[in-house]
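The structure under discussion appears below in the form of structure tokens.
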There are 2 protein chains.
Amino acid sequence: MEVARLAGVSITTVSRCLNTPDKVGKKTLAKVRKVIQDINFSPNVLAQSFRRGRTNIILVVVHEIGSWLFADIMEGIRAVVDGRYSIILTESRPDVTENGTFIDMLVARQVEGVILLCSPLPFSRKLIELAKSKPLPIVIGLEPVSDDLGQFPSVHIDNHQAAYDATQYLIRLGHAEIVFVSGPKNSYVTKDRELGFLAAMRDGGLTVDSDRVIHSDLSANGGINSAIEILARPSRPSAIFCANDDVAMGVMSVATKRGLRVPEDLSVMGFDDTRYAALTNPALSTVLQPARDIGMKAAQKLLQAIERPDDDAARTEILPHRIVVRDSTALRR
Amino acid sequence: MEVARLAGVSITTVSRCLNTPDKVGKKTLAKVRKVIQDINFSPNVLAQSFRRGRTNIILVVVHEIGSWLFADIMEGIRAVVDGRYSIILTESRPDVTENGTFIDMLVARQVEGVILLCSPLPFSRKLIELAKSKPLPIVIGLEPVSDDLGQFPSVHIDNHQAAYDATQYLIRLGHAEIVFVSGPKNSYVTKDRELGFLAAMRDGGLTVDSDRVIHSDLSANGGINSAIEILARPSRPSAIFCANDDVAMGVMSVATKRGLRVPEDLSVMGFDDTRYAALTNPALSTVLQPARDIGMKAAQKLLQAIERPDDDAARTEILPHRIVVRDSTALRR
DNA sequence: CTGAAAGCGCTTACAG
DNA sequence: CTGAAAGCGCTTACAG
């Protein structure tokens with residue numbers, strides 16, 4: 001290359017100056033570095049990637065960006081991954097076509113590892129297949145893993161227990177008619193939360209009719225629709241526990257528009273403790289997930305899987321949750 | 001390669017089957033394709049990228065993810081970019097180390113183009129320098145461009161006019177003491193909005209003391225701090241116009257906690273019309289930016305710049321805005 | 001329509 | 001500590 005010629009050394013030496021400078025003589029190093037400076041040379045990353053068989057790119061699959069929960073997780077991931085890897089962010093929304101290609105990218109070694117912040121079904125299946133043939137650097141974050149994906153390391157809170165705790169908190173406030181607005185039926189996370197809710201109700205000696213759990217798409221709109229349905233019932237619950245904060249915001253907005261006072265007439269509880277939770281009116285009681293930590297731990301596990309595939313990482317790591325009490329929940333009147 | 005051997009053809013032919021199948025005989029094509037199927041072959045993308053000098057990766061720089069505004073823009077970008085390019089998302093927050101490397105990625109041709117959804121200063125300078133030496137596929141979205149960056153195509157609304165319209169709307173409601181909570185002082189977008197606000201005030205025959213514009217970091221927290229400052233003043237404004245919805249949410253939460261009724265005691269207006277705007281209590285009046293369109297147009301411009309660099313794209317494209325009236329603004333009492 | 005050959009810009013044993 | 005040479009897996013004129 002140019003640099004080698006100008007510095008009067010071999011290409012090999014230039015390469016060494018770039019990658020293993022301590023294996024090069026002091027003078028040579030200085031000389032080469034000067035030339036690199038002078039002509040403002042930077043190595044062709046494409047060639048390097050090709051030659052090394054590594055791209056230093058990792059993929060993060062989220063359900064959809066635009067949520068502070070994911071943003072905070074991303075921040076954690078970035079803090080760990082730092083300058084060592086670039087991150088390609090992909091949404092797993094059904095309407096996002098990129099979905100299919102993410103597997104391809106893995107196969108073609110365009111990315112070196114994946115952090116799955118959601119584990120929708122079509123993905124899972126393909127992953128299992130792939131994992132059969134070779135070890136895959138994948139870690140699941142946020143969501144508990146399905147049985148299928150149990151082989152991959154994961155980082156999340158104990159969703160069952162967290163929902164149990166939140167429900168128990170509502171019960172202790174005197175609520176007996178509580179509705180849980182869950183997520184989609186095929187979601188593992190919300191299934192766990194649903195079971196935690198049911199367990200707490202049972203342990204509290206409360207009966208739970210089948211209409212006490214209703215499903216939503218975890219969006220604010222989903223919350224709106226759910227609230228409309230719930231509030232149209234002959235007997236109104238005194239508390240609604242939502243599978244995430246967005247749903248809770250939707251529920252609150254409907255309740256307020258119907259003239260119900262939160263929390264006097266209706267307690268509303270969220271899940272996630274996203275940044276908007278403290279800003280709603282009234283401020284939302286919710287369950288905190290340590291989003292940044294989840295991101296960091298997931299990234300750490302992934303880097304380990306990539307760089308030291310032999311060290312068998314602890315399979316799954318459970319992070320602590322916390323009930324955050326604000327103003328949207330109160331003693332039952 | 002393996003495939004060539006098994007199919008009994010040359011590597012050249014295999015390559016052609018993959019890239020220009022119409023230049024290959026029908027029978028040969030079928031034969032090769034079968035082998036590809038059989039051994040589940042997929043070309044080494046790294047080698048392709050290297051050889052072609054293209055990565056099919058574009059970079060999107062946002063101020064920070066976790067905002068629906070950016071999420072919606074991203075959706076627009078994705079809709080256009082489709083399966084043709086992968087997207088690397090980078091945040092330009094000062095604490096994100098990746099910042100510096102994005103220029104490197106451009107230089108090293110690791111990415112083929114950039115959509116800048118924010119144009120912070122250190123970036124701009126480096127970009128200018130780069131642009132001197134070679135044509136850079138860059139488009140600015142959302143933000144008007146600084147003079148420096150004027151050479152790049154851009155897509156955004158007329159922020160000056162939008163803020164003018166919003167302010168005029170407030171004035172027509174009878175408000176005279178209006179405070180504008182702007183963004184950081186070095187932000188071009190919010191500067192435009194600020195000027196629009198001032199122009200409308202002037203045209204409305206209203207005097208504007210210097211404390212009628214205050215700066216924030218465009219976060220909800222920034223809104224909170226601003227509101228605290230504003231509401232501590234001896235004479236309280238009857239309306240607060242915020243440079244974005246997050247700030248407005250912060251402002252409303254403070255106002256509400258202080259016992260002020262929105263909009264009866266205080267009108268609050270936002271900007272962006274993010275998904276949460278309709279969910280606040282009361283629902284937020286705001287200025288709609290066509291986020292998805294901005295993303296689509298920006299992506300279209302970028303692809304054109306990448307693929308047909310000679311066609312000189314229209315330099316800047318102004319998209320329509322719209323005042324969205326909800327419940328947080330009302331006639332002055 | 002097909003193939004032999006050169007080459008993309010690096011890295012990495014290997015030899016000195 | 002340094003260099004000559006091979007090779008990573010493709011693509012692409014060039015020739016037939």
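Lettering follows sequence order; numbering is per chain, from 1.
In this structure, the NZ atom of B:Lys27 is 10 Å from the P atom of C:dT2, given to the nearest Å. Rounded to a whole Å, the NZ atom of A:Lys23 is 13 Å from the P atom of C:dC14. Atoms CZ (A:Arg54) and C1' (D:dC8) sit 16 Å apart, rounded to a whole Å. When rounded to the nearest whole Å, the span between CZ of A:Arg52 and P of D:dG9 equals 16 Å. D:dT12 atom P lies 7 Å from atom CG of B:Asn19, rounded to whole Å. Atom CD1 of A:Ile11 is separated from atom C1' of C:dG9 by 8 Å (rounded to the nearest Å). Put simply, CZ on B:Arg51 is 8 Å from P on C:dC8, counting in whole angstrom units. For the pair B:Leu46 CG and D:dT11 C1', the computed distance is 15 Å after rounding to whole Å.
When distances are taken from the side chain of A:Thr12 to each of C:dT11, C:dT12, C:dC8, the shortest belongs to C:dT12. Ranking D:dT12, D:dC10, C:dT12 by closeness to the B:Pro43 side chain, first place goes to D:dC10. Side chain of B:Ser15, nearest nucleotide from D:dT12, C:dC8, D:dT2: D:dT12.
Base pairing annotation: C:dC1 forms a Watson-Crick or G-U wobble pair with D:dG16, both donor-acceptor distances under 3.5 Å.
For the pair A:Asn44 and C:dC8, the criterion of a side-chain N or O lying under 4.0 Å from OP1 or OP2 is not met. The side chain of A:Gln48 places no N or O atom within less than 4.0 Å of a non-bridging phosphate oxygen (OP1 or OP2) of C:dG9. The side chain of A:Thr13 places an N or O atom within less than 4.0 Å of a non-bridging phosphate oxygen (OP1 or OP2) of D:dG3. Between B:Ser10 and the phosphate of C:dG3, there is a side-chain N or O to OP1/OP2 separation shorter than 4.0 Å.
In summary, the side chains of A:Thr13 and A:Ser10 do present a donor paired with an acceptor at a separation below 3.5 Å, with no hydrogens or angles considered.
Judged by distance alone, with hydrogens and angles left aside, B:Arg16 brings a side-chain donor or acceptor within reach of the base of C:dG3, the pair sitting under 3.5 Å.
With respect to the salt-bridge test (charged N to carboxylate O, under 4.0 angstrom), the residues A:Asp293 and A:Lys297 do not qualify. Comment: A:Arg84 engages A:Glu307 in a salt bridge, judged by a side-chain N to carboxylate O separation of less than 4.0 angstrom.
Atoms CG and CD1, from B:Leu89 and A:Ile88 in turn, are 10.5 Å apart once rounded to the nearest 0.5 Å.
Comparing B:Val24 and B:Ala47 by the nucleotide of DNA chain C that holds the closest heavy atom to each, the one mapping nearer the 5' end is B:Val24.
Each of B:Arg78, B:Arg275, B:Arg292 was compared with B:Asp72 under the salt bridge (Lys or Arg N to Asp or Glu O under 4.0 Å) criterion, and only B:Arg275 meets it.
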